[in-house]
Structures are given as C-alpha cells and as structure tokens.
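For reference, the structure is listed below as structure tokens.
Reminder, nothing fancy here: chain letters follow the sequence lines and each chain counts from 1.
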Amino acid sequence: MSDLAAGGTPAVPTVPRRAPITMIGPVAWARANLFNNWWSSAITLAMIYLLVKVAVSFVSWAFINAIWVVPVSPAGVANTEACRAIAGVGACWAVITEKHRFILFGTYPYEQHWRPAIVCLLFIGLYVVSAMRRFWRWELALVWIAVLTLIGVLMWGGILGLSYVPQERWGGLPITLILATFGLAFAFPLAILVALGRRSKLPAIKALCVLYVELIRGVPLISLLFMASVMFPLFLPEGLNIDKLLRAQVAIILFAGAYLAEVVRAGLQALPRGQYEAADALGLSYWHKTGLIILPQALRLVIPPLVNTFIGFFKDTSLVLIIGIFDLLTAGKTAIIEPAWQGFGVEVYITLGVIYFVFCFAMSKYSSGLEAEFNRHRRR
Amino acid sequence: MSGASLDPRLLRKAPPRPLRFSWSDERFRNIVYQVLVVAAVLSVFGWLWSNTRYNLEVRRIATGWGFLSREAGLPIGEHLIDYDPSMTYFRALLVGVLNTLKVAIIGIVLATILGTLLGIARLSKNWMLARFAGAYVEIVRDLPLLLQLLFWYSLLQGLPGPRQAFNPVTGVFLSNRGLKLPYIQWESAHSWTLLAVVVGAVLTWFYRRTVRAKQMQDGQIRSIWPAALLLMVGLPLLVWAALGAPFTIDVPELRGFNFRGGLDVSPEFFALLLGLTLYTAGFIAEIVRAGILAVSQGQWEAAEALGLSRRRVMNLIVLPQAMRVIIPPMTSQFLNITKNSSLAVAIGYQDIVSIANTTLNQTGQAIEGIAIIMLVYLTISLSISLFMNWYNKRIALVER
Amino acid sequence: MSAAETVASSVRKGVPAITLAGVNKWFGALHVLRDVNLEVAMGERVVVCGPSGSGKSTLIRCINRLEEHQEGQIIVDGKELSNDIRSLDAIRREVGMVFQSFNLFPHLTILENCTLAPIWVRKMPKKEAEALAMEYLERVRIPEQAGKYPGQLSGGQQQRVAIARALCMKPKIMLFDEPTSALDPEMIKEVLDTMVMLAETGMTMICVTHEMGFARTVADRVVFMDRGEIVEQGVPEELFANPRTDRLKTFLSQILRGH
C-alpha cells in the first residue's frame with residue numbers, strides 16, 4: 001500500500017477483491033475446521049470411518065434387517081420366532097407395533113385410550129403456553145389450575161358421561177407427565193417459601209429450612225420413594241390411607257422442593273442488596289417487598305437453571321419403577337415380561353428413549369435459548 | 001481504619017438492648033413467629049410419631065436394632081470382604097456399603113477421565129470432534145439414567161453365551177456372563193510397589209515445596225520433573241525389582257460352559273458402571289467446558305503480555321482459575337454418582353440400598369431399614385460437603 | 001418567593017425534623033458512629049461530607065433504619081426510632097431516600113417504579129398515583145420516559161427518576177446518599193440541578209456528597225465527619241473559608257486538588 005502512495009498514483013478507489021479461494025468456501029472451511037494439522041486430520045478421518053461403520057450397521061439392524069410385524073394368534077399370543085431368528089442382526093420392531101398402546105397408556109381401558117391421549121396433549125399444550133414469555137403473568141397460575149383439573153376429570157371420569165377409571169388402572173406416559181407436572185406445581189411454591197426461609201434473619205426458621213434442604217439433598221431419591229411406599233402408611237392414623245401414586249407424588253414434591261429451593265436461593269442471592277434497601281426505604285412491608293420487587297426479579301434470573309432442574313425431575317420420575325408405579329418406563333419394562341416378547345428390551349428401551357429425549361431435548365433447547373436471550377439483555 | 005483502631009474509645013462495647021413484651025416490638029414479634037413455626041413443625045412430627053408408634057404396635061412390628069446381630073441368610077454375589085449367608089445382617093449391610101463405594105469410586109475415576117476428555121473435545125478446533133462430543137453430551141443428558149441402565153443391562157443379557165463370547169483382544173471376553181479381563185496375580189510385592197508410588201508422590205510434593213521456597217530465596221527456577229519421575233516411577237520399580245519382580249498374568253480361559261481365572265466383572269456391575277460413567281461423563285464434560293471458558297481471553301493475553309511462557313500461563317494463571325469454577329460442581333457430580341449408584345437395585349447389583357431393602361422385607365422393620373440407607377448416604381454427603389466447605393474457603397477469591 | 005420565606009422562618013423557629021442524641025453504632029467490633037449529636041430543623045438543608053469510611057453514609061442510613069443504631073436516640077418527625085414496627089413504618093413513609101447506585105427496580109417501568117410505593121404503602125388509587133407520578137416526572141423533566149425501563153435510561157436520568165420515585169411518597173424529609181458519585185461528569189449537573197430545584201421548594205434535606213459547589217449554593221449547614229464523629233459544622237462559606245481543625249483542612253485540600 002505504501003508503495004502505491006509513494007508512487008503518487010491518484011487515489012482510485014480499489015475494487016474490493018474477493019478473498020482467495022483458499023480463504024473462503026467449503027474447501028477453506030474444511031481446511032480450517034477438519035484438516036488444520038496432521039493430528040486434526042487423523043482424528044477427522046478416524047471419526048468419519050467410525051461414524052460410517054456405526055451408521056451402516058445401525059441402519060442395517062434397525063431398518064434393513066428389521067421385522068416390523070409378526071403374526072399374532074387369535075388368543076393374542078404373538079409368534080416371535082422370526083424375530084428370534086434374526087436376534088443381533090435385525091431389530092424386532094414388532095414388539096412396538098404390538099405393544100405401543102400398552103407402553104403409552106398402560107392398563108387403562110383400551111376403548112377409553114382417547115382420554116389419556118388428550119391428557120398428554122393437554123400437558124404438552126400447558127408446557128408450550130408456559131414457555132411463551134408473553135403469557136408470563138399471574139393469570140398463568142389460573143390456567144394451570146384449570147388444565148390440571150380438566151386432566152383429573154378426564155383421567156378419573158365418573159362425571160359428564162365418562163366412565164369411572166380407578167387410579168390403579170392408569171399407566172404409561174400420562175403417569176410420567178402427572179408425576180413431573182404436579183411435582184413441579186406443588187414443589188415450586190414450597191421451594192420459594194423454603195428459599196425465603198433460608199435467607200430469613202430468624203434463626204429458628206432458617207435452621208429448619210437448612211435442615212430440610214440438606215437432609216433431602218443428602219439422600220438418593222430412591223430412599224425417599226421407599227419411605228413413601230413403606231413408611232408413609234405407618235405415619236398415618238389408622239383408617240386413613242392414601243394410595244401409592246399419591247405417596248410417590250408427595251416424595252417427589254419433597255425431593256423437588258429441596259433442589260428447586262437451592263435454585264431460587266441462588267436467584268435471591270444474585271440480586272444486588274440495593275434492591276432490598278430501596279424497597280425498605282420506600283416503606284414496603286416484607287411481603288410486599290418480596291412479592292413485588294424481589295421474587296419477580298430473582299425468578300426471572302433463574303429460569304434457565306429452573307428448566308434444567310425440571311428436566312432432571314422429568315427424568316427422575318422414572319425411578320418410581322422401583323416401587324412399582326406404572327409410569328412410562330415401567331410400562332415398557334412390563335411389556336417385555338410376556339414370554340413371547342422376552343429379550344427384546346433393546347428395541348423397547350430405544351423407543352422409550354426417543355420419547356424421553358423429545359421432551360428433554362425440547363426443554364433443554366428452550367432453556368439455553370432463554371439463557372442466551374437473558375445474557376444479551378444483561379449486556380445491553 | 002488503622003488510625004481509628006488506636007482510639008481508646010473503641011474498647012467500649014455495644015450495649016445490649018432490653019426486650020419489650022409488645023406486639024409492635026420487632027424482636028418480640030420475631031420470637032413469637034419462630035416459636036409458633038417450631039411448635040407447628042414439632043407437633044406435626046409428634047403426631048406422625050404417635051401414629052407410627054400405634055401402628056407398629058397394632059401390626060406387631062418389632063422395633064430396635066437387635067436384628068443387626070441376627071443371621072442374615074441372604075446370599076450376596078459380589079463382596080469385597082469375606083461373606084456368606086450365615087453371617088449377620090450387620091455384615092451383609094457392610095458388604096452393601098462397600099459395594100456402593102466400589103462402584104462409586106471406580107465410576108468417579110472413569111467418569112472424570114471421560115468427562116474431561118469430552119469437555120476438551122467440545123472446545124476442539126476440529127469441527128467433527130466438537131460436534132460429536134456435543135451430540136454425545138446432549139443425548140446422554142436428556143435420557144433418564146434408569147432407562148440407560150436398563151438398556152445396557154438388557155444389551156448385555158442379549159449377548160451370546162460364554163462359548164460364543166466376543167473376544168476382541170486375547171484374554172478379554174464379553175458375554176452374557178459379563179466381562180472377563182486378564183489380571184495380574186496379586187502378591188505382596190505389588191502392594192509394596194503401590195505403597196512406593198504413594199510415598200513417591202508425597203516425597204515429590206515435599207520436594208516441590210522446598211524447591212519453590214529456594215526459588216523464592218534466590219530466584220533460580222529449577223525443574224521438578226526429573227526428581228518427580230525418579231520418585232514416582234523409579235522408586236516403585238526399584239521396590240518391585242528388589243522383591244523379585246513377580247509378574248504372572250492370570251488370563252481367563254473358557255472351560256466347559258464358563259470361564260476360569262482372570263478378573264470377573266459381573267453383568268450387573270458392568271451395566272451399572274457403564275451407565276453411571278457414560279451418564280455422569282456428560283455432565284462433567286459440561287462442567288469442564290464451562291470452567292475453561294470461564295477464564296477470559298483477557299487473562300491469557302495479560303499473562304502472555306507479562307512474558308510468561310504458554311505452559312506457565314496455563315499452570316499459574318488459567319488452571320487455578322478454571323479449577324475454582326470446576327471443582328464445586330464437580331464434587332456435586334461425584335455425590336450424584338454415589339447417590340445414583342442406588343439405582344443398582346433395579347438391575348440387581350447388590351449395593352447398600354438393595355441389601356437394606358432385602359433386609360427390610362425379611363425383617364419387616366421398614367423404619368430401621370430406611371434409616372440405615374439414609375444414614376449411609378448422609379454420612380457420605382456430609383463428609384464431602386464438609387471437605388468442600390473447607391476447600392472453598394481455602395480457594396475463595398477475595399472480592400469486595 | 002414565599003416558599004423560601006416560610007423555609008427561612010421555620011429554620012429560625014427551629015422545629016426539629018430530625019434529632020440524633022448520643023448515637024453510637026458498631027459493625028462487629030468496629031465503632032463506626034461515636035456519640036453523634038445532630039439536630040436538623042424542618043426545612044433545613046444539611047450537607048454531610050468527610051473522607052471515605054468516615055461513617056457519613058452510615059449516619060444517614062440510620063435515619064431510616066437501613067442500619068440499626070445501638071445506643072442513643074434518633075427522633076424523626078417526632079417519633080423515636082426503635083424496634084417498634086409501627087413507628088418505623090411511619091418514619092419510612094415520611095423519609096425519602098436516594099441512593100448512590102440509583103436502585104431503580106429494573107423489572108418495572110419508570111412509571112411503575114414511581115407508583116409502586118404510593119399504591120402499596122399509601123394505599124392510593126392507581127389513577128391518582130399515576131397522575132402524581134407524572135407530575136413529579138415532569139418536575140424532574142423526564143415525563144416522556146415514563147413507559148421505558150430503567151435499563152434504557154442514562155445514569156443521570158435514572159437518578160432523576162429515583163428522586164421522583166422518592167418524592168411520590170410526599171416525604172417530609174429527603175436523604176441523599178452520595179447521589180452523584182456513580183455518575184459520569186456530564187450527568188452530574190442535571191442531577192444537581194434537580195436537587196437545587198428541590199431545595200428551593202423548602203424540602204428538609206440531608207445530603208451526603210463531595211460536591212462542594214452544591215453545598216455552597218443550597219446548604220444551610222455543612223457537617224464534616226471523620227472517623228465516626230462530627231468534627232466540625234457550620235455555615236458553608238465560613239466552614240470552607242476558615243476550617244478550625246487539621247482534619248478538615250486536610251480533607252478540603254484533598255477535595256480541591258481532586259477538582
């Protein structure tokens with residue numbers, strides 16, 4: 001450049017030149033990101049080889065050699081000999097074809113399956129509406145109450161011409177969604193109270209909250225579920241009996257409450273002290289200060305970790321399998337107890353995995369999107 | 001403030017304030033609130049306790065810890081200490097605790113290694129590697145651990161029998177009976193060698209301290225690694241050679257319908273370990289990645305501008321800061337592995353939960369059974385949190 | 001101006017708005033306020049200055065009990081500050097405060113920031129509270145920002161909103177805790193102008209600040225604090241012209257060098 005200037009050439013605006021082909025385009029991209037040195041090239045090649053190999057064998061197992069339907073005798077016993085013959089070579093998706101209704105809805109009366117199906121859709125609708133920021137108002141709590149009531153009506157029936165279905169016959173995906181959603185709906189207010197209590201300046205209340213949170217977080221969920229299934233009946237007076245699902249639900253609420261409380265507490269701690277002081281200086285009472293100034297900010301701050309915690313509970317509801325509650329995973333495990341279908345666990349678990357993955361992946365993408373948005377706002 | 005401390009009036013202490021018994025007095029009100037809350041909580045617990053006492057009596061359920069010294073009569077497949085069903089419940093539970101610790105500790109080591117590698121891979125410049133690690137983390141974290149455990153367990157059960165076992169490398173067999181690995185015949189010489197490694201590590205640490213102290217005196221930088229190598233590799237080798245350098249490998253062999261010799265990894269343990277490791281590695285990868293990203297580019301630039309070499313920037317500036325971010329969530333992952341190992345009960349590995357659960361069913365003493373489970377986990381959690389608090393205090397950044 | 005006349009007369013009459021008698025405060029073992037005696041008359045404007053760590057912020061934070069004093073008496077508007085919640089609530093209603101870091105509520109709009117306390121503490125109807133808020137926003141000359149969020153405003157604008165927010169409670173006394181320290185130089189003036197305007201209305205003000213120009217223009221009295229005690233006080237011209245103590249001399253020379 002300086003040469004040109006020294007030569008006294010008139011300042012003709014130079015036409016912007018395209019970067020050399022080695023700097024842009026797919027070739028350059030591959031050079032920069034896949035083959036930037038011999039070590040990186042070796043990794044790329046090895047991974048391509050492995051991926052192709054795994055993909056080929058998976059496709060041939062899951063699709064090319066797979067069996068989708070098997071003959072079923074009029075008595076309802078499936079003939080799975082064809083599946084057994086290809087074990088290890090091809091997948092037996094016939095188990096899904098045959099059992100998908102059972103896996104999704106458990107032992108709910110077959111002809112009434114539309115009810116749990118609607119319930120699942122209602123749950124999904126509830127999640128979607130709750131995820132949208134323009135619906136973040138106090139009225140959302142009313143929507144939750146209404147939808148959860150509607151779900152109860154649909155599942156139990158007994159009114160509006162719906163036949164009554166006892167709770168023992170519920171199963172599958174609705175149970176998973178019920179445990180997770182009701183767990184959150186009750187654990188969340190509990191968590192807020194505990195988090196506030198843990199930040200309280202009253203020592204006895206603070207100590208109680210610390211004790212609760214640390215006790216629950218120190219033990220595995222299973223021990224709480226065991227407690228719910230074998231110890232709760234001992235706790236209650238004679239004659240008062242609550243069913244197993246409700247007991248497990250209580251255990252999950254207590255468990256979730258402790259973890260959510262820690263998330264909320266992080267949000268409370270992250271608020272600058274000036275916010276508390278400004279509210280005090282204006283003469284707001286403790287509950288006005290908390291409800292109008294502190295919580296709206298603190299909760300907004302912790303929504304991404306809250307969603308992540310919720311993903312954790314959604315997965316953890318599967319633990320009720322161990323105390324014999326009929327959730328999605330238990331339904332899947334039960335479906336392959338029948339002698340004809342024994343040994344096809346891998347196919348069933350892959351299918352269940354897809355269902356769980358869809359829910360959790362959607363939530364985790366939502367949470368990271370929200371986090372990115374919040375960070376952008378904070379920087380501004 | 002130093003000037004102020006010289007003032008003799010500083011010695012006057014704040015006077016106590018008398019308490020007024022009036023509802024408009026804040027302190028009185030606070031005391032009343034606390035008494036009410038504590039009383040409510042205590043009465044709920046008292047009510048539950050009296051119900052429980054009554055129910056236990058009505059159902060003729062024994063209470064107390066007497067069962068611990070009774071014969072367990074419960075078979076346990078894997079035990080680190082000597083055990084047979086004629087021993088006491090206490091012994092059985094102890095075996096369970098050791099089994100929990102065994103899978104937890106091995107799982108922690110493996111998950112940390114795998115997770116760290118994946119975390120670094122996610123930040124790799126190689127697009128393919130970063131994408132692969134990202135996909136792995138996403139998939140593994142979005143599936144319930146119990147589902148993964150059942151998947152691995154049923155995959156292992158679907159493997160061919162011992163006669164058609166996979167045999168990728170000589171001496172390694174994978175079949176529906178689990179994994180068989182070659183194993184050196186353990187002799188006392190090996191234990192001494194192991195001890196020598198530990199001694200070597202401790203000596204290295206002391207050596208490093210003295211060398212650093214010397215450096216602070218005269219400014220000379222001396223390299224530590226030759227001595228470290230000598231102490232941690234040379235010393236054990238010397239011990240091993242002095243004791244006759246025993247080295248016999250016990251290779252598993254197919255005899256009839258099963259294997260003989262070698263190290264035996266049961267399908268239950270293998271599935272549990274595999275599930276726990278793969279699952280937790282996904283979380284650890286995220287922690288490691290976040291820790292590395294937490295050290296801002298500015299820190300690198302500032303340190304390099306001071307003329308420090310890349311290695312020293314890493315050791316003196318970046319790692320200490322990254323560790324501060326990594327270690328607290330990492331410990332909670334270690335705790336999670338320990339707590340999640342309780343899922344063993346679903347696939348039949350006999351950890352403390354599984355054995356306490358069997359005990360509970362055999363004796364009918366639900367309260368004691370669950371109390372044992374909770375006590376074991378609380379002890380583990382509490383000791384780890386105490387350590388963490390101590391550690392956090394030690395490394396906490398001093399900030400205004 | 002009649003307002004100024006009434007102020008002057010009330011200052012002369014010496015109706016006490018705030019009385020501190022023998023106030024002591026400790027942070028742990030640190031003695032941060034030592035036997036502080038101060039009387040502020042209704043309508044008086046007092047500027048508190050002193051080196052950092054001298055206890056001046058703590059002093060005014062004790063007046064609305066953001067900090068608790070441990071010994072002595074603080075009487076605000078005829079009510080003594082104690083553990084009594086009713087008197088505390090009453091005092092906080094009458095005392096407005098402006099902070100160094102503004103402390104606006106970022107999740108509420110400017111208008112909502114201003115109407116919050118009138119609605120929930122004064123139990124004013126929303127319409128009325130909004131009209132009042134707009135009136136004060138106009139007085140601090142930013143009515144057009146009412147619908148925005150604090151994050152969208154400059155520091156000087158935020159601080160003016162904070163003043164309007166405090167005024168919406170119609171307080172008898174205003175406390176300012178270094179209101180201009182967190183501001184860029186070009187924004188200091190707009191905030192000081194607002195404060196001067198407020199002083200002209202006859203508001204009782206206690207202001208912790210290093211702005212000596214402001215002290216000269218509006219203060220009836222300047223109080224100099226160091227190491228937790230009041231070292232000197234007096235009319236600004238006199239105090240600045242002939243400081244009696246070495247401590248004030250040193251402080252003034254540092255302040256002047258800084259400017």
Taking [X] for the side chain and [Y] for the main chain, is one N or O donor matched with an acceptor at less than 3.5 Å?
X: B:Asp142; Y: A:Ser364; result: no
X: A:Lys315; Y: B:Arg141; result: yes
X: B:Lys339; Y: A:Ile222; result: no

| Atom group of B:Ile384 that falls short of 4.5 Å from chain A, counting heavy atoms | neither
Where on [X] is there a heavy atom nearer than 4.5 Å to chain B: the side chain, the backbone, both, or neither?
X: A:Ile205; value: both
X: A:Lys206; value: neither
X: A:Leu329; value: side chain
X: A:Leu321; value: side chain
X: A:Leu202; value: both

Please find the pair of heavy atoms, one from [X] and one from [Y], that lie closest to each other, and give the distance.
X: B:Val38; Y: A:Ala204; value: CG2-CB, 3.8 Å
X: B:Ile139; Y: A:Phe357; value: CA-CE1, 3.7 Å
X: B:Phe151; Y: A:Val346; value: CE1-CG1, 3.6 Å

| field | Close side-chain approach of A:Glu214 and B:Leu378, heavy atoms under 4.5 Å | value | no
Quick one: which of [options] has the most heavy-atom pairs under 4.5 Å with chain A, could you say?
options: B:Leu343, B:Leu159, B:Val41; result: B:Leu343
options: B:Ile373, B:Leu129, B:Val37, B:Leu155; result: B:Leu129
options: B:Leu360, B:Asn357, B:Ile380; result: B:Asn357

| task | Starting from the C-alpha separation in whole Å, work towards a yes-or-no answer on side chain to side chain contact (heavy atoms under 4.5 Å, CB included) for A:Lys333 and B:Leu150. | result | CA-CA 9 Å; A:Lys333 204 180 171 219; B:Leu150 290 173; 4.0 Å; yes
| request: Using a cut-off of under 4.5 Å on heavy-atom pairs, state which of A:Ile48, A:Leu221, A:Thr317, A:Ile355 scores highest against chain B. | output: A:Ile48
